[in-house]
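What you see is a predicted model; the values in this text were computed from it and never measured. Computation of the quantities below employed the complete heavy-atom set of this structure, encompassing side-chain atoms and omitting hydrogens, waters and symmetry-equivalent molecules.
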Amino acid sequence: MKIIILTILSFVSFVNIIYAQWIQQPTGVSNYLRDIDFINSRTGWVCGDGGTILKTTNGGNNWISQFTGVTNKPLSSIHPVDSNVVYCVGWFETILKTTNGGNNWVIIENAPFGKGRSYESCFFIDENTGWVSSSSQIMKKTTNGGNSFVNYSNVVISRDLYFKDHFNGLGVSEVTYISKTSDGGENWSSYSIAGTGNLYRLSILKDGLTGFTVAYGSQIVYKTSNYGVSWDSVGIVPNLTVICSNFSSENIGWAGTNRDIGNAQLFKTTNGGKNWTAQNSNNTRSYNDIFALNDSLVWTCGGFGTIFHTKTGGDTVVNISQISSTVPENFQLNQNYPNPFNSSTKIKFNIKERDKYKLEIINTLGQSVREIINQDISPGSYEFMFDAYTLNSGVYFIRLSNHKYFKTIKTMLIK
């Protein structure tokens with residue numbers, strides 16, 4: 001006699017979606033914040049108007065205001081060399097330095113309010129050697145920690161600056177100008193990479209060759225693979241007012257806008273700037289700078305003293321429920337229900353073989369507007385609730401794919 005034993009597996013079909021994307025951190029100030037920089041996952045600084053410098057030693061859970069002695073000055077750029085040495089520059093010939101993490105700030109330069117040139121960016125390769133750029137085409141260099149500076153004229157850099165060593169530097173400016181030096185800043189070659197748009201931020205990866213910049217006004221994303229020798233347009237951010245961007249790797253980056261046109265928004269790319277997905281939106285703030293420590297830990301600062309932080313790269317953490325471990329006969333993406341839907345809908349799919357799968361929402365222009373899943377999945381049947389909290393009403397396509405198969409279904413969002 002055969003004894004057949006039936007094992008009944010119970011699966012929970014509830015899906016937990018955690019909206020832990022961008023969390024606003026308390027700053028205690030309302031001033032316009034312009035630049036943010038970290039040396040590790042816990043310690044960072046931010047600077048802004050009214051001589052504001054804030055420091056955190058716990059990843060931004062608390063931001064402590066530091067006394068600068070220049071309470072009326074807009075501070076535009078801050079650059080920590082290490083946990084002790086930090087430089088900060090600002091408008092009206094303001095240069096500050098600390099050697100004890102900001103407990104005390106030394107004023108190196110401080111012209112009267114409204115007088116002299118304004119310093120827009122600074123970069124220090126070590127505690128002694130650094131560069132400061134201004135809007136009046138003057139580049140200042142020090143090799144003794146700011147005790148003295150050498151001025152170089154006719155340098156078309158006013159917005160952002162990066163040196164990969166003591167000799168090779170890059171800078172960006174208005175009218176899509178790129179400036180490049182190979183002799184430590186004494187001589188610069190400058191050229192425009194497009195006819196329109198202003199470049200405000202420069203993002204160079206750790207390989208020292210790959211970099212990105214996004215043009216305000218044209219939305220175009222530019223990429224270099226040879227440290228600025230040449231640049232290619234690789235995509236477009238869907239907002240005209242992009243004023244900051246930062247890439248953590250060759251594929252993953254973020255861009256922020258101000259609120260000149262509609263809401264200020266944060267966008268993310270996962271394919272090197274080709275396509276962008278909206279992540280965070282606010283109609284009362286601007287996003288002025290983004291700092292990405294890696295693909296997950298990112299901070300951004302902006303208007304009204306705001307700082308936002310994410311531990312997930314800005315992505316919603318989605319927990320998918322496996323409703324069956326039985327290996328299905330086919331790869332399948334079922335029609336979502338309800339359809340049309342208002343805000344949320346259930347999506348079910350079957351996986352026949354273990355592989356890396358991508359599930360994304362695509363608009364009628366063929367652009368990926370939300371990447372829901374991009375991970376290894378084992379065979380079985382799955383379901384989860386999709387919440388279209390950032391999407392506008394309209395027709396969308398849900399696409400499930402791996403390296404061999406893909407399936408696309410049509411859906412409609414009605415809010």
> Can you list the steps and then say if Trp105 with Phe67 is a ring pair (Phe, Tyr, Trp, His ring centres under 6.0 Å)?
Replying inline: CA-CA 7 Å; Trp105 285 89; Phe67 179 73; over 10 Å; no
> What pair of heavy atoms forms the shortest contact from Arg399 to Ile362, and how long is it?
Replying inline: CD-CD1, 3.7 Å
>> Less than 4.0 angstrom from a charged side-chain N to a carboxylate O is my criterion; do Arg34 and Asp289 meet it?
In response: no
> Hey, which of Thr68, Ile53, Thr94, Val70 is the one that makes side chain to side chain contact (heavy atoms under 4.5 Å, CB included) with Cys88?
Replying inline: Ile53
> Under 3.5 Å, is there a donor-acceptor pair between the side chain of Asn147 and the main chain of Asn144?
Replying inline: yes
> Should Ile178 and Val172 count as side-chain neighbours, where that means a heavy-atom distance under 4.5 Å?
Replying inline: yes
> Is there a donor in the side chain of Ser182 and an acceptor in the side chain of Asn168, or the other way round, less than 3.5 Å apart?
Replying inline: no
> Counting N and O atoms only, with roles assigned by atom type, does the side chain of Thr241 sit under 3.5 Å from a partner on the main chain of Asn258, one being a donor and the other an acceptor?
Replying inline: yes
> Are side-chain N/O atoms of His166 and Asp126 paired as donor and acceptor at under 3.5 Å?
Replying inline: yes
>> So does Ala111 get a backbone contact from the side chain of Lys73, meaning a donor-acceptor N/O pair under 3.5 Å?
In response: yes
> In this structure, are over 12 heavy atoms from other groups packed under 6.0 Å from Lys164 atom NZ?
Replying inline: yes
> Which pair of heavy atoms, one from Gln219 and one from Val214, lies closest together, and at what distance?
Replying inline: O-CG1, 4.1 Å
> Taking it one step at a time, do Glu93 and Lys115 satisfy salt bridge (Lys or Arg N to Asp or Glu O under 4.0 Å)?
Replying inline: CA-CA 8 Å; Glu93 298 190 359; Lys115 303 294 184 179; over 6 Å; no
> Do the charged groups of Arg201 and Asp35 touch, with an N to O distance under 4.0 Å?
Replying inline: yes
> Atom OH of Tyr222 and atom CZ of Phe212: how far apart are they, to the nearest 0.5 Å?
Replying inline: 14.0 Å
> Hey, does Val132 have a side-chain heavy atom less than 4.5 Å from the side chain of Met139?
Replying inline: no
>> Tell me whether Thr176 contacts the main-chain N or O of Ala194 through its side chain, where contact means a donor paired with an acceptor under 3.5 Å.
In response: yes
> Given the rule in the side-chain hydrogen bond (donor to acceptor under 3.5 Å, both in side chains) test, do Ser133 and Glu120 qualify, once you have shown the distances and angles that lead to the verdict?
Replying inline: CA-CA 6 Å; Ser133 70; Glu120 298 286 353; over 6 Å; no
>> Can a donor-acceptor pair be found, under 3.5 Å and without considering hydrogens, that links the side chain of Gln279 to the backbone of Gly314?
In response: yes
> With no hydrogens and no angle check, do the side chains of Ser153 and Asn151 hold a donor and an acceptor under 3.5 Å apart?
Replying inline: no
>> So does Ser225 get a backbone contact from the side chain of Thr210, meaning a donor-acceptor N/O pair under 3.5 Å?
In response: no
> Does Ser30 use its side chain to pair, donor to acceptor, with the backbone of Phe304 at less than 3.5 Å?
Replying inline: no
>> Quick check: do Leu161 and Trp131 have side-chain heavy atoms less than 4.5 Å from each other?
In response: yes
> Given side chains that start at C-beta, do those of Pro80 and Val85 come closer than 4.5 Å, heavy atoms only?
Replying inline: no
> Parallel, tilted or perpendicular for Trp254 and Trp22, by the 30°/60° rule?
Replying inline: perpendicular
> If you look at every heavy atom in Asn104 and Thr98, which pair is closest and at what distance?
Replying inline: O-OG1, 2.8 Å
>> Checking Lys311 against Ser296: is there a side-chain donor and acceptor pair closer than 3.5 Å?
In response: no
> Which atom names give the shortest non-hydrogen contact between Tyr87 and Cys122, and what distance separates them?
Replying inline: O-SG, 4.2 Å
> Got a second to check how far Asp160's CG is from Leu170's CG, nearest 0.5 Å?
Replying inline: 10.5 Å
>> With no hydrogens and no angle check, just 3.5 Å: does a side-chain donor-acceptor pair link Ser248 and Asn294?
In response: no
> Does any donor atom in the side chain of Glu360 or Ser368 lie under 3.5 Å from an acceptor atom in the other side chain?
Replying inline: yes
> Do Glu174 and Ser158 have side-chain N/O donor and acceptor atoms under 3.5 Å apart?
Replying inline: yes
> So which heavy atom on Asp82 is nearest to which on Val86, and how close?
Replying inline: O-CG2, 4.2 Å
> Donor-acceptor pair, Asn339 side chain versus Met412 backbone, under 3.5 Å?
Replying inline: yes
>> For Trp299 and Phe38, I'd like to know if the aromatic rings sit close, meaning centre-to-centre distance below 6.0 Å.
In response: yes
> In terms of side-chain heavy atoms, does Thr269 have a donor or acceptor partner in Asn271 at a distance below 3.5 Å?
Replying inline: yes
> Could you give the distance from CD (Glu250) to NZ (Lys206), rounded to the nearest 0.5 Å?
Replying inline: 14.5 Å
> Would you say Thr300 and Ile36 make side-chain contact, with heavy atoms under 4.5 Å?
Replying inline: no
>> For Phe386 and Phe341, take the angle between the two ring planes, folded into 0 to 90°, and tell me which bin it lands in: parallel under 30, tilted 30 to 60, perpendicular over 60.
In response: perpendicular
> What's the spacing between Asn402 CG and Lys407 NZ if we round to 0.5 Å?
Replying inline: 13.5 Å
>> Quick one about Asn336 and Thr345 (side-chain donor to acceptor, distance below 3.5 Å, no hydrogens or angles considered), yes or no?
In response: yes
> Does Lys141 pair with Glu186 as a salt bridge, N-O distance under 4.0 Å?
Replying inline: no
> Relative to each other, are the rings of Phe124 and His79 parallel, tilted or perpendicular (30° and 60° limits)?
Replying inline: tilted
> Are Asn350 and Ser381 linked by a side-chain donor-acceptor pair shorter than 3.5 Å?
Replying inline: yes
> Shortest non-hydrogen contact from Asn72 to Phe113?
Replying inline: O-CE1, 3.1 Å
>> For the OH atom on Tyr337, are there more than 12 heavy atoms of other groups (residues, nucleotides or ligands in this structure) within a distance under 6.0 Å?
In response: no
> With a 3.5 Å cut-off and no angle check, do the side chains of Ser249 and Asn251 form a donor-acceptor pair?
Replying inline: no
>> Within the 4.5 Å heavy-atom criterion, are Leu359 and Phe384 side-chain neighbours or not?
In response: yes
> Can you tell if the side chain of Lys410 reaches within under 4.5 Å of the side chain of Gln335, non-hydrogen atoms only?
Replying inline: no
> Does the side chain of Asn84 come under 3.5 Å of the side chain of Thr99 through a donor N or O and an acceptor N or O?
Replying inline: no
> Regarding Asn288 and Tyr200, is there a side-chain donor-to-acceptor distance under 3.5 Å anywhere?
Replying inline: no
> Any donor and acceptor pair, going by atom type alone, linking the side chain of Thr43 with main-chain N or O of Asn40 inside 3.5 Å?
Replying inline: no
>> We want to know whether Asp49 and Asn31 form a side-chain donor-acceptor pair, criterion being a heavy-atom distance below 3.5 angstrom.
In response: no
> Would you say the side chain of Thr213 lies within less than 4.5 Å of the side chain of Val221, judging by non-hydrogen atoms?
Replying inline: no
> To the nearest 0.5 Å, what is the distance between CD1 (Ile361) and OG1 (Thr277)?
Replying inline: 10.0 Å
> Which of parallel (below 30°), tilted (30 to 60°) and perpendicular (above 60°) describes Tyr227 and Tyr162?
Replying inline: perpendicular
> Within the side chain of Ser134, is there an N or O that forms a donor-acceptor pair under 3.5 Å with the backbone of Ile138?
Replying inline: yes
> Rounded to the nearest 0.5 Å, how far apart are OG1 of Thr310 and CG of Leu266?
Replying inline: 10.0 Å
> Can a cation-pi geometry be assigned to Lys140 and Phe149, taking NZ or CZ under 6.0 Å from the six-membered ring centre and within 45° of the ring axis?
Replying inline: yes
> Between the side chains of Thr181 and Asp183, is a donor N or O closer than 3.5 angstrom to an acceptor N or O?
Replying inline: yes
